[in-house]
Amino acid sequence: HTIASRPVIDHTLSRLLALPPLTSSGEGRADPVIVVVAIHGDDRWWPGLSWASDPRIHTVIGGDERADSVRAATTGNARAARSGARSSPS
């Protein structure tokens, strides 16, 4: 789907990545914004988007249900998928 001739994910990621770094509680240092995107294991569109190579974006292989995709994104599987390994849905 597109809005103003751009994919919806383009609008979403550009807004999220424009956020200022987050300050960790009590430590006073700012952590960069990292976005985790759940993609289908056979997604053929994501690799062609400019966002696919952005180091601030980590990808995970999504699951059959939204909850499975969220679980994959929050359990550390993002790093494995980003490095090219295939993580399986839980």
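Model, not experiment: these values are computed from the prediction.
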Hits for side chain to side chain contact (heavy atoms under 4.5 Å, CB included) against Leu17, two or more places apart or cross-chain, chain-then-number order -> Val33, Val35, Trp51, Asp54, Arg56, Ile57
Taken to the nearest 0.5 Å, the spacing of Arg71 CZ from Glu65 CD works out to 10.0 Å
Rounded to the nearest 0.5 angstrom, the CG-CD1 distance for Asp42 and Ile61 is 8.5 Å
In short, salt bridge (charged side-chain N to carboxylate O under 4.0 Å, His left out) pairs touching residues 3-14 with sequence neighbours left out are Arg6-Asp10
So CG of Asp64 and NE2 of His40: to nearest 0.5 Å the spacing works out to 8.0 Å
Between Val36 and Ala73, the two heavy atoms sitting closest are CG1-CB, 3.5 Å
Applying side chain to side chain contact (heavy atoms under 4.5 Å, CB included) to Ile9 and not counting sequence neighbours gives Pro7, Leu13, Val37, Trp46, Leu49
Scanning both residues in full, the closest heavy-atom pair of Gly62 with Ala38 reads CA-CB, 4.1 Å
For residues Ile39 and Val60, determine if any side-chain heavy atom of one lies less than 4.5 Å from a side-chain heavy atom of the other.
no
